[in-house]
Amino acid sequence: MAFSNSISGTTFSALKVVDHAFRRCRLPAQGITAEMQTYALESLYLFLSELASIKTPSWCIEQVILPMYENQQVVELPTGTVEVLNLNYRTLQVVTGETVESSTEYLVNFTNQTTVNTVGIKWSAASVPLTFQVSTNGLVWITVDSVDVAATAGEITWFDISGALPYQYFRITSASTINYSAITLGNMPNEIPLGGLNRDSYVNQNNKVFPSRPNSYWFQRDIPKPVINLWPAPYLAAEQAQLIVWRHRQIMDTENLQQEVEVPQRWLEAIVNSLAAKVAAETPAVDAQLIPVLDQKAAMSLQRAWDGDNDGSPIFINPGIGVYTK
C-alpha cells in the first residue's frame, strides 16, 4: 500500500475554512461574493474570540516573564490575556565575572564554567535586537538565543535561555548600540506561587502601597489590557526578581483569507461547522430550514473538540465559591 508518509502536512487557510462553511450552507461557489467572504472572516473572528469565554483551549496557554518596579503594585499584562492561570514570584542567583564592555557588546568571563539561565536588561534608551552567545575559550562562539522586544528607557526586560549549559564565557551582542543602565545574569531560578485575591480582599487591604516582597495578587480584567494588582507593593529587591505568569490568551487573529487559522488539526471540523452556522444566520440566500441543522452539527462537533482538548493529566476538583465574592 502506498501512503503519503506525511502527517499534519496539509495547510488549511482561512479561505478554505470560509469556502467549506459556505458549501455546507448549500451555496454555489459562483454565488460567494467578496462581501460575503468579508463578513464570514469577521464571523470567524467573533467565534474564535467567544471560545475564550467557554473554556481554555490547550494551545492558548503560555508563559510570560514580567518585570517589577519599586512601589509599582499594578502590573500590565500583554494584550489578549484572558485569565491568569498561575502566577509565581521568581528569584535568581546572580552570577558575575570579569566584564568587557563596548557599545555593541557585553562580555563576561566567569573564569570557570557557569550556566546562565536568565538575562535581565534595564534599558537607558530604546531597546535593540540582541544575540546571546556562549564560548569555552572566548574565541569560538555559539549562539544560544536571539531576541527582539520593544522597550523604552527605564524599562526592564527578562529573557530565559532554553536548554542553557555551563560555559566559561557569555556575551550579549547587537548590530546596534546597546543602551543599558544594568545587566543581570542569573541561574538557579526559585519560584514561589502567589496567592490569588478577590476584589473585596484586595480592596480591604489597609495599605496597598506597603513595600515588601509580593505574596498575593488581584487579577483585574481591565480595558484595553488586563492588569494584576500586587500586594504588598514590590520593594527595590523585586527589580531583580520576575513575575512568571502562566496565562490564557486569545486565539491569534486571522487577518486575511491567506493566513491559517490558529487551531490544531483536530479542531478544524468544529471550526468549519460553527462558521457555517454563523454565516447561515447572516446570509439571506441560505434556506432557513437548513439553519437548525447547521446549529446542531456545530454544537456536536464543538463538543467533541472540547472533549478531546486535554493533556491527560489527573483532574483536581476545586469547589467554586463565586457566589461569595465580587
Subject >> Contact summary for A276 and C25, nearest pair of heavy atoms >> reply: O-SG, 3.3 Å
Original post:
Any link between V144 and L130 through a network of hydrophobic side chains (Ile, Leu, Val, Met, Phe, Trp, Tyr) touching at under 4.5 Å?
Top reply: yes
**OP:** Please report the shortest heavy-atom distance between V108 and Y106, naming the atom on each side.
**Re:** CG2-CE2, 3.4 Å
**OP:** State whether a side-chain donor-acceptor pair under 3.5 Å links E282 with S43.
**Re:** yes
Original post:
Do we see a donor-acceptor contact under 3.5 Å between the side chains of N256 and T254?
Top reply: no
Original post:
Heavy-atom count around Q296 CD within 6.0 Å, excluding the residue itself: above 12?
Top reply: no
Sequence neighbours excluded and cut-off under 3.5 Å, please list the side-chain donor-acceptor pairs for residues 155-172, or say none.
from	atom 1	to	atom 2	distance (Å)
E155	OE1	T152	N	2.9
T157	OG1	W123	NE1	2.9
D160	OD1	R90	NH2	2.9
D160	OD1	T118	OG1	2.9
D160	OD2	R90	NH1	3.2
D160	OD2	R90	NH2	3.4
Q168	NE2	N109	OD1	3.0
R171	NE	Q133	OE1	2.6
R171	NH1	E105	OE1	3.0
R171	NH2	Q133	OE1	2.7

Subject >> Residue pair S135 / N137, side-chain donor-acceptor N/O under 3.5 Å >> reply: yes
**OP:** Using distance alone, with no hydrogens and no angle criterion, decide if R247 and T81 have a side-chain donor and acceptor under 3.5 Å apart.
**Re:** yes
**OP:** Go through the structure and list residues passing side chain to side chain contact (heavy atoms under 4.5 Å, CB included) with T283, not counting sequence neighbours.
**Re:** F22, L27, M36, Y39, V279, A285, V286
**OP:** Examine distances only and state if a side-chain atom of S174 and a backbone atom of S176 form a donor-acceptor pair shorter than 3.5 Å.
**Re:** yes
Original post:
Between K55 and D309, is the closest basic N to carboxylate O distance under 4.0 Å?
Top reply: no
Original post:
Is there a donor-acceptor pair closer than 3.5 Å between any side-chain N or O of E269 and the backbone N or O of S301?
Top reply: no
Subject >> W267 vs W59, ring-ring contact (aromatic ring centres under 6.0 Å, His included): CA-CA, chis, key distance, verdict >> reply: CA-CA 11 Å; W267 269 76; W59 66 95; 5.3 Å; yes
Original post:
Do any N or O atoms from the side chain of D253 and from the backbone of E255 form a donor-acceptor pair under 3.5 angstrom?
Top reply: no
**OP:** Show your reasoning for whether side chain to side chain contact (heavy atoms under 4.5 Å, CB included) applies to L275 and V18.
**Re:** CA-CA 8 Å; L275 182 59; V18 169; 4.1 Å; yes
